[in-house]
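What follows is one structure encoded as structure tokens, with my remarks underneath.
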Amino acid sequence: MAKKIIFASIIFLTAICSCHNKKPVPAENNSSPAPTQKEIAVNKDSLLLELTDQILAALEAKDYPKISSYFHPVYGVRFSPYAYIDTLADVRLKKETFNELVKKQTKLRWGSFNGSGEDIFMTVPQYFGRFVYNANYKKDGEKYVNKVNGKGNTKNNMNVIYQGLDFIECYIPGFDKKMDGMDWCSLRLVFKKYHEQYFLVGIVHDQWTI
């Protein structure tokens, strides 16, 4: 019996010594370095360009419910037929109203035609065909982040109205030699964040104006 007690005591002391001598294993550091401002900007630009591609695909397909899914939930989207953004005359629509107007084929006054000054009185599909997806921006558009390439005679006040917001310009340069480059056109999609997601708040069409 005494031998058993002595043997058990030796095992217990050995276990205690091994625990004291065991070196602690350092915890793995799973945290990644915080992204730099440059990395954040690159990621944001990539996201906006990807969103733009999705929107252009919906515009090309004339999928209006899909298009409206990108509308800002609070502000909706303001539609500007030319570079100058008129906060009083330009139409602003939220998702539900937009889809209802498409369904009913209701005509709205979207502003005035450059040159003649006549009212732009159109349904949503008519307006989109003339002042939104008036060219194949998905295929032919050159995309730029927060940069305006197309410049006509109309004042561009985007940086004032959409100050601090991001936009993608889809620019198609003029190709008709007879027009001397004046047949260019562009589509600018303006984005604003809502609950960590980007949504459309502005769709601005631009072209050569007199």
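Between the side chain of Ser116 and the backbone N or O of Glu118 there is at least one donor-acceptor pair closer than 3.5 Å. Distance alone, capped at 3.5 Å, places no donor-acceptor pair between the Asp119 side chain and the Arg109 backbone. In this structure, the side chain of Gln197 does not engage the main chain of Tyr194 through any donor-acceptor pair within 3.5 Å. A donor-acceptor contact shorter than 3.5 Å is absent between the side chain of Thr97 and the backbone of Leu93. A side-chain donor-acceptor contact under 3.5 Å links Thr209 to the backbone of Thr154. Between the side chain of Asn136 and the backbone N or O of Lys139 there is at least one donor-acceptor pair closer than 3.5 Å. Distance alone, capped at 3.5 Å, places no donor-acceptor pair between the Lys143 side chain and the Leu49 backbone. In this structure, the side chain of Asn146 engages the main chain of Phe167 through a donor-acceptor pair within 3.5 Å. In this structure, Glu169 contributes its side chain and Asn149 its backbone to a donor-acceptor pair below 3.5 Å.
The two residues Asp90 and Trp110 make their nearest non-hydrogen contact at OD1-O, 4.4 Å.
In this structure, the side chains of Lys95 and Phe199 stay at 4.5 Å or more apart for every pair of heavy atoms. Annotation: side chain of Asn134 is in contact with side chain of Cys185 (closest heavy-atom distance under 4.5 Å).
Sorted by first and then second residue, the salt bridge (charged side-chain N to carboxylate O under 4.0 Å, His left out) pairs with a member in residues 121-136 form an empty list; sequence neighbours excluded.
Atom CZ of Arg188 and atom CG of Asp206 lie 4.0 Å apart (nearest 0.5 Å).
Tyr70 and Gln54 share a donor-acceptor pair across their side chains, judged by distance under 3.5 Å alone.
Ring-plane geometry between Phe79 and Phe98 is classed as parallel, the angle between the planes falling under 30 degrees on a 0 to 90 degree scale with a further cut at 60. Taking the six-membered ring where tryptophan is involved, the planes of Phe131 and Phe113 are tilted, since the angle between them lies from 30° to 60°.
A salt bridge is absent between Lys138 and Asp53: the closest approach of a Lys/Arg side-chain nitrogen to an acidic carboxylate oxygen does not fall below 4.0 angstrom.
Here the two rings, on Tyr171 and Tyr137, have centers that are 6.0 Å apart or farther.
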